[in-house]
Amino acid sequence: MEVVRFFFQFRQALPSNNRPKSEFQFPTITISKHFLVFLPNQLPKLRLLSPVKPTLLGTISAGDELQDLLGQSLELELVSAELDSKTGSEKSTIKGSARRKLATDQDGNIVYEAEFKVPEGFGEVGAILVQNEQIREMYLNDIVLSGLRNGPVTITCGSWIKSQYAVKDKRIFFADKSYLPSQTPDGLKRFRSEELTKLRGNGQGERKSSDRVYDYDVYNDLGNPDWNPETARPVLGGKEHPYPRRCRTGRARCKSDPKSESKSLQNYIPRDEKFAEIKLAQFGATTLYSVLHSVIPSVEAVLVDKDMGFPYFTEIDKLFNEGINVPLPQALKDKPLWQSALPRLVKGATDTGKSILRFETPDAMERDKFHWFRDEEFGRQTLAGLNPYSLKLVTEWPLTSKLDPAIYGPAESAITTELIEEEIGGIMTVEEALKQKKLFMLDYHDLLLPYVEKVRKIEGSILYGSRTLFFLNADGTLRPLAIELTRPPMEGKPQWKQVFSPSWQSTECWLWRLAKAHVLAHDSGYHQLVSHWLRTHCCVEPYIIATNRQLSAMHPINRLLQPHFRYTMEINALARQLLVNADGIIETTFTPQKYCMELSSVAYDKEWRFDYEALPKDLINRGLAVEDPNSPHGLKLTIEDNPYANDGLDIWAALKQWATDYVNHYYPEKSLVESDEELQAWWTEIRTVGHGDKKDEPWWPVLKTPDDLIQIITTMIWVTSGHHAAVNFGQYTFGGYFPNRPTMARDKMPTEDRTEEDWKFFVEKPELALLHCFPSKIQATKVMLILDTLSSHSPDEEYLGKHMEQPWEADPVIRAAFERFSGRLKEIEGIIDARNANENLHNRNGAGVVPYELLKPTSGPGVTGKGIPYSISI
């Protein structure tokens with residue numbers, strides 16, 4: 001008889017009827033890290049120990065306490081990985097119950113015990129069945145079985161276990177040893193198949209909070225037409241508006257619009273996708289929830305005039321120096337959470353009983369208060385700023401539009417050869433500049449022009465199509481040459497377009513600054529809607545759904561991807577409720593307004609390709625690199641001093657080597673990839689369902705060999721880690737002082753349909769004209785609040801290469817590969833520091849210049865402008 005000691009970690013939650021309304025707070029017995037302690041006697045035991053005293057945040061029912069003491073807490077069954085050699089059927093499970101001891105240990109730790117008697121010949125334990133017999137749900141972290149003949153068995157759970165009164169089915173958790181489908185032990189094959197079937201569901205009915213079902217739906221829940229017809233929004237997903245799929249909730253349709261799904265206080269996501277760690281629950285989502293539901297309404301109550309702008313630049317400075325007195329709701333004040341989650345924003349109480357909302361000075365402004373005013377900084381930030389994903393090499397001249405000239409006017413750009421050669425200073429012709437790869441462009445002309453008339457019908461927002469040209473100087477910096485703004489024919493007026501250039505002449509200089517404000521608003525919108533939301537949050541969700549539906553929890557690729565997918569569906573669901581929804585933060589503060597999400601659909605349709613999400617191919621596609629086997633990473637950069645590209649390629653190479661070591665270990669033979677039915681179903685579902693609107697595109701990678709899998713996996717984990725970090729954690733650094741990156745432009749150029757009154761105002765008060773063009777006080781303050789929150793790291797962030805998952809650690813080969821990966825990331829930290837200290841790299845070093853650290857792997861907590869988490873969790 002084998003003696004088994006069984007150890008598990010858990011978090012207990014109150015019944016749903018006693019739970020606070022906020023889904024981001026866990027009324028729990030909170031247990032952080034746990035240690036395994038083996039009892040000295042020979043009885044098979046189960047124990048749970050915590051290094052910290054549990055914090056009781058809610059009342060545990062007397063019935064549950066009694067069940068604990070009577071051994072009616074968890075019903076457990078050990079599952080053999082082997083079949084019975086005589087009958088060929090599954091072996092009977094070994095049952096036991098966990099019992100909570102009456103007393104805690106000297107440190108106040110909760111202790112559970114259980115006993116198992118495992119007969120000889122039971123074989124290797126491959127899984128455990130768990131049923132929660134209590135009324136409340138329980139969070140099961142992991143299980144360790146000790147005393148087995150073949151050594152201890154670890155079972156990583158990381159899952160909420162619902163009460164048997166809510167969910168009758170027993171939960172199964174597999175041991176940490178990974179298996180391809182063809183290698184699954186016979187005793188586990190049925191369990192592997194049945195678990196995947198449960199996770200897929202039947203595609204019917206409304207999902208309940210207790211469900212663990214992963215399914216797909218279109219974005220039909222952004223509007224709320226039953227509440228207000230003005231908030232109706234088109235369905236994203238399908239032929240008319242192609243889009244990735246989101247998690248299906250199955251809610252009833254709106255009465256006024258059967259195509260749209262009705263709204264709910266919270267969006268369904270599978271239970272295990274919700275924040276399970278208290279550090280993320282409190283610091284991340286709850287902070288965002290508090291800002292959206294409490295702080296922003298308080299600001300709106302104070303700044304009642306939604307159109308009020310800033311009369312002077314000194315008024316903007318007051319947001320950092322003095323702050324705004326706002327009446328925070330008592331409900332927020334009474335929660336200990338807000339004091340720890342919002343210290344950067346809410347400073348304390350005033351004599352009037354109000355709180356002071358005061359912003360921290362962004363690093364860019366702290367280093368150089370006038371950084372936003374300088375053209376060289378404008379050029380530098382296209383490479384080393386918040387949106388390095390739009391700049392591309394100019395390869396054709398003259399510039400022309402691909403839009404229908406019958407609708408949008410003449411296609412040829414107003415940026416002439418003569419103008420560019422004059423701006424270059426006669427050192428070369430345009431033809432020579434093209435040949436030497438010296439001209440680069442931000443091109444938002446064709447994407448935005450079809451929306452100009454629509455957006456201008458909304459009061460308080462002005463949109464143009466735009467092109468911005470840059471010249472690559474000898475020192476590797478970019479010099480802005482020209483901005484072209486275009487309005488299509490509309491309201492009986494012909495097409496209007498004009499080119500603006502830097503100038504020392506006062507009038508032309510101020511026109512250039514106004515034009516630059518419009519371009520920056522375009523770039524801010526594209527960054528938030530496409531580079532950030534679409535390409536990371538939105539496009540990754542189908543990967544998460546497919547992974548859970550098609551790859552078993554014991555599949556090695558599932559276990560490789562899980563840390564990169566952690567909490568993304570939770571933050572996406574919150575975004576659909578409060579950020580990208582109709583009349584949400586994005587619509588009310590960015591230029592496209594009600595067309596924001598529709599515009600991201602156009603970008604998805606015209607621009608998104610899975611293969612171009614790989615960093616090297618993205619750089620090649622935009623003309624920022626060419627293949628060169630003699631250059632680092634096999635790429636020669638067109639702009640050698642490109643901070644994002646240089647640091648990013650180092651991170652990409654480290655990720656790819658880690659993926660290579662991992663994949664080659666589990667797929668030593670090429671045929672194993674093509675014969676892996678789970679893996680093939682996973683990739684097919686991503687292409688044909690999750691991104692089904694692009695299922696017929698010829699550019700989708702094939703999946704036949706380990707090299708194919710390595711490229712696909714590296715692309716996915718790059719997007720969730722490096723790509724997201726590059727566009728997210730610098731948001732407050734570069735956008736916190738909003739004149740540097742205004743999110744919308746509210747006034748048209750004074751030269752468009754020039755009137756005597758508008759021109760007189762501009763000439764006499766050009767500074768005020770620029771301030772009027774910037775976002776209003778409410779818009780700017782709301783954006784600053786959100787950017788501060790989104791740019792923050794939690795105190796216990798899981799940074800790339802820092803935390804080794806238990807299933808990785810269980811395999812010596814994978815453990816060694818991860819340690820090499822972690823070591824390489826530490827080397828990259830030093831490389832980035834050295835680059836930032838190099839005075840010859842002007843795009844990342846200089847007086848008042850913010851060093852480029854967005855792709856530096858680790859960080860401290862808060863708004864740091866650096867650090868790469870594993871996943872998209874904020």
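What you see is a predicted model, and the numbers here were worked out from it, not measured in a lab. Any value given below was found using the heavy atoms of this structure, including those in side chains, with hydrogens, waters and symmetry copies removed.
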**Prompt:** Do the side chain of Thr382 and the main chain of Gly379 share a donor and acceptor less than 3.5 angstrom apart?
**Reply:** yes

**Request:** Show your working on side-chain hydrogen bond (donor to acceptor under 3.5 Å, both in side chains) between His241 and Asp605 and close with a plain yes or no.
**Result:** CA-CA 8 Å; His241 299 291; Asp605 182 33; over 6 Å; no

**Message:** Strictly below 4.0 Å, N to O, side chains only: are Arg824 and Glu827 in salt-bridge contact?
**Reply:** yes

**Main-chain N/O of Arg535 paired with His723 side-chain donor or acceptor, under 3.5 Å** = no

**Request:** First locate atom OG of Ser401, then atom CD of Gln495, and finally report the distance between them rounded to the nearest 0.5 Å.
**Result:** 8.5 Å

**Request:** Would you name the heavy atoms of Glu839 and Asn845 that are closest together and state the gap between them?
**Result:** CA-OD1, 3.5 Å

**Side-chain ion pair, Glu376 and Arg380, N-O less than 4.0 Å** = no

**Item:** Distance in Å, Leu478 CG paired with Phe440 CZ, rounded so as to fall on 0.5 Å steps
**Value:** 6.5 Å

**Message:** Donor-acceptor check, side chain of Asp404 to backbone of Ala406, threshold 3.5 angstrom: yes or no?
**Reply:** yes

**Message:** Between Ser601 (side chain only) and Pro242 (backbone N and O only), is there a donor and an acceptor less than 3.5 Å apart?
**Reply:** yes

**Prompt:** Parallel, tilted or perpendicular: which describes the rings of Trp372 and Phe774, with under 30° parallel and over 60° perpendicular?
**Reply:** perpendicular

**Request:** Could you tell me whether the side chains of Asp708 and Gln711 share a donor-acceptor contact shorter than 3.5 Å?
**Result:** no

**Request:** Report the relative orientation of the aromatic rings in His724 and His532; use parallel for angles under 30°, tilted for 30 to 60°, perpendicular for over 60°.
**Result:** tilted

**Message:** Can you confirm whether the side chains of Gln498 and Thr751 place a donor and an acceptor under 3.5 Å from each other?
**Reply:** yes

**Request:** Measure from the side-chain N and O atoms of Lys694 to the backbone N and O of Trp608, and report whether any donor-acceptor pair falls under 3.5 Å.
**Result:** yes

**Asked** Taking 4.0 angstrom as the limit, do Glu752 and Arg487 come out as a salt bridge?
**Response** yes

**Item:** Spatial distance of atom CG (Leu854) from atom CG (Asn728) [nearest 0.5 Å]
**Value:** 9.5 Å

**Request:** Check the pair Asp368, Arg374 against salt bridge (charged side-chain N to carboxylate O under 4.0 Å, His left out), reporting the backbone distance first and the verdict last.
**Result:** CA-CA 10 Å; Asp368 181 359; Arg374 296 186 290 109; 2.9 Å; yes

**Message:** With salt bridge (charged side-chain N to carboxylate O under 4.0 Å, His left out) as the test, pick out the partner of Asp375 among Arg513, Lys516, Arg479.
**Reply:** Lys516

**Side-chain donor or acceptor of Asp641 paired with backbone N/O of Asn843 under 3.5 Å** = yes

**Request:** May I ask you to test the Ile415-Ile420 pair for a side-chain heavy-atom distance under 4.5 Å?
**Result:** yes

**Message:** Donor-acceptor check, side chain of His691 to backbone of Cys539, threshold 3.5 angstrom: yes or no?
**Reply:** yes

**Prompt:** Taking atom types as modelled, is there a side-chain donor on Thr589 or Gln779 under 3.5 Å from an acceptor on the other?
**Reply:** no

**Request:** Would you mind checking if Arg609 and Glu697 are paired as a salt bridge, meaning a charged N to carboxylate O distance below 4.0 Å?
**Result:** no

**Item:** Inter-residue atom distance Asn387.CG - His527.NE2, 0.5 Å rounding
**Value:** 6.0 Å

**Prompt:** How many angstroms lie between atom CD1 of Ile651 and atom CG of Leu615, to the nearest 0.5 angstrom?
**Reply:** 10.5 Å

**Asked** Do Asp650 and His633 have side chains that get closer than 4.5 Å, going by heavy atoms?
**Response** yes

**Request:** Report yes or no: is the cationic atom of Arg456 (NZ for Lys, CZ for Arg) closer than 6.0 Å to the six-membered ring centre of Tyr464, at no more than 45° off its axis?
**Result:** yes

**Asked** Going through the checks in order, is the side-chain hydrogen bond (donor to acceptor under 3.5 Å, both in side chains) test met by Glu613 and Thr715?
**Response** CA-CA 6 Å; Glu613 293 304 286; Thr715 299; over 6 Å; no

**Request:** Is it possible for you to check whether Lys369 lies under 6.0 Å from the centre of the six-membered ring of Phe313, through NZ or CZ, and within 45° of that ring's axis?
**Result:** no

**Item:** CA sep, side-chain torsions, deciding dist, call: Asp317, Thr314, side-chain hydrogen bond (donor to acceptor under 3.5 Å, both in side chains)
**Value:** CA-CA 5 Å; Asp317 295 341; Thr314 52; over 6 Å; no

**Message:** Taking the side chain as everything from C-beta on, heavy atoms only, tell me whether Ile316 gets closer than 4.5 Å to Leu771.
**Reply:** yes

**Request:** Using the ring-ring contact (aromatic ring centres under 6.0 Å, His included) rule, take Tyr389 and Tyr644 through it: C-alpha gap first, then chi angles, then the decisive distance, then the call.
**Result:** CA-CA 9 Å; Tyr389 285 93; Tyr644 162 74; 5.1 Å; yes

**Message:** Any salt bridge linking Lys866 with Asp647? Criterion: basic side-chain nitrogen under 4.0 Å from a carboxylate oxygen.
**Reply:** no

**Item:** No-hydrogen, no-angle side-chain donor-acceptor test under 3.5 Å, Thr714 and Trp652
**Value:** no

**Message:** In the structure I gave you, are the side-chain heavy atoms of Phe470 and Leu442 within less than 4.5 Å of one another anywhere?
**Reply:** yes

**Asked** Using the ring of each side chain (for Trp, its six-membered ring), is Phe320 parallel, tilted or perpendicular to Tyr737, with breaks at 30° and 60°?
**Response** tilted

**Message:** Checking side-chain polar atoms at under 3.5 Å, does Ser390 have a donor or acceptor matched by the opposite partner on Tyr444?
**Reply:** yes

**Asked** Quick one: do the Thr858 and Glu829 side chains pair a donor with an acceptor below 3.5 Å?
**Response** yes

**Message:** If we ignore hydrogens and angles and just use 3.5 Å, is the side chain of Glu421 paired with the main-chain N or O of Val430 as donor and acceptor?
**Reply:** yes

**Request:** Would you indicate whether Lys454, at its atom NZ, is surrounded by more than 12 heavy atoms from other residues, nucleotides or ligands within a distance under 6.0 Å?
**Result:** yes

**Straight-line distance of Asn642 CG to Leu841 CG, nearest 0.5 Å** = 11.0 Å

**Request:** Would you please test Glu484 and Ser413 for side-chain hydrogen bond (donor to acceptor under 3.5 Å, both in side chains) and show each step?
**Result:** CA-CA 8 Å; Glu484 178 185 34; Ser413 170; 2.9 Å; yes

**Item:** Residues, nucleotides or ligands: over 12 heavy atoms within 6.0 Å of Gln505 CD
**Value:** yes

**Message:** Looking at Arg741 and Asp523, is there a salt bridge between them, counting it only when a charged N and a carboxylate O are closer than 4.0 Å?
**Reply:** yes

**Prompt:** Where the side chain of Asn621 meets the backbone of Lys617, is there a donor-acceptor pair that is under 3.5 Å apart?
**Reply:** no

**Prompt:** Where does the angle between the aromatic ring planes of His772 and Phe761 fall among parallel (under 30°), tilted (30 to 60°) and perpendicular (over 60°)?
**Reply:** parallel

**Contact check, side chains of Thr733 and Val850, non-hydrogen atoms, under 4.5 Å** = yes

**Message:** Less than 4.5 Å apart, side chain to side chain, heavy atoms only: is that true for Asp628 and Leu635?
**Reply:** no

**Prompt:** Side chains of Gln381 and Glu377: do they bring a donor and an acceptor to under 3.5 Å?
**Reply:** yes

**Message:** Are there over 12 heavy-atom neighbours, none belonging to Glu607, within less than 6.0 Å of that residue's CD?
**Reply:** yes

**Request:** Would you check if there is a donor-acceptor pair between the side chains of Thr477 and His842 at a distance under 3.5 Å?
**Result:** no

**Salt-bridge contact Asp363-Arg367 (side-chain N to carboxylate O under 4.0 Å)** = yes

**Item:** Parallel, tilted or perpendicular, as decided by the 30° and 60° cut-offs, for the rings of Trp700 and Phe610
**Value:** parallel

**Under 3.5 Å donor-acceptor, Arg754 side chain and Trp759 backbone** = no

**Asked** Is the number of heavy atoms from other residues, nucleotides or ligands within 6.0 Å of CD (Glu431) greater than 12?
**Response** no

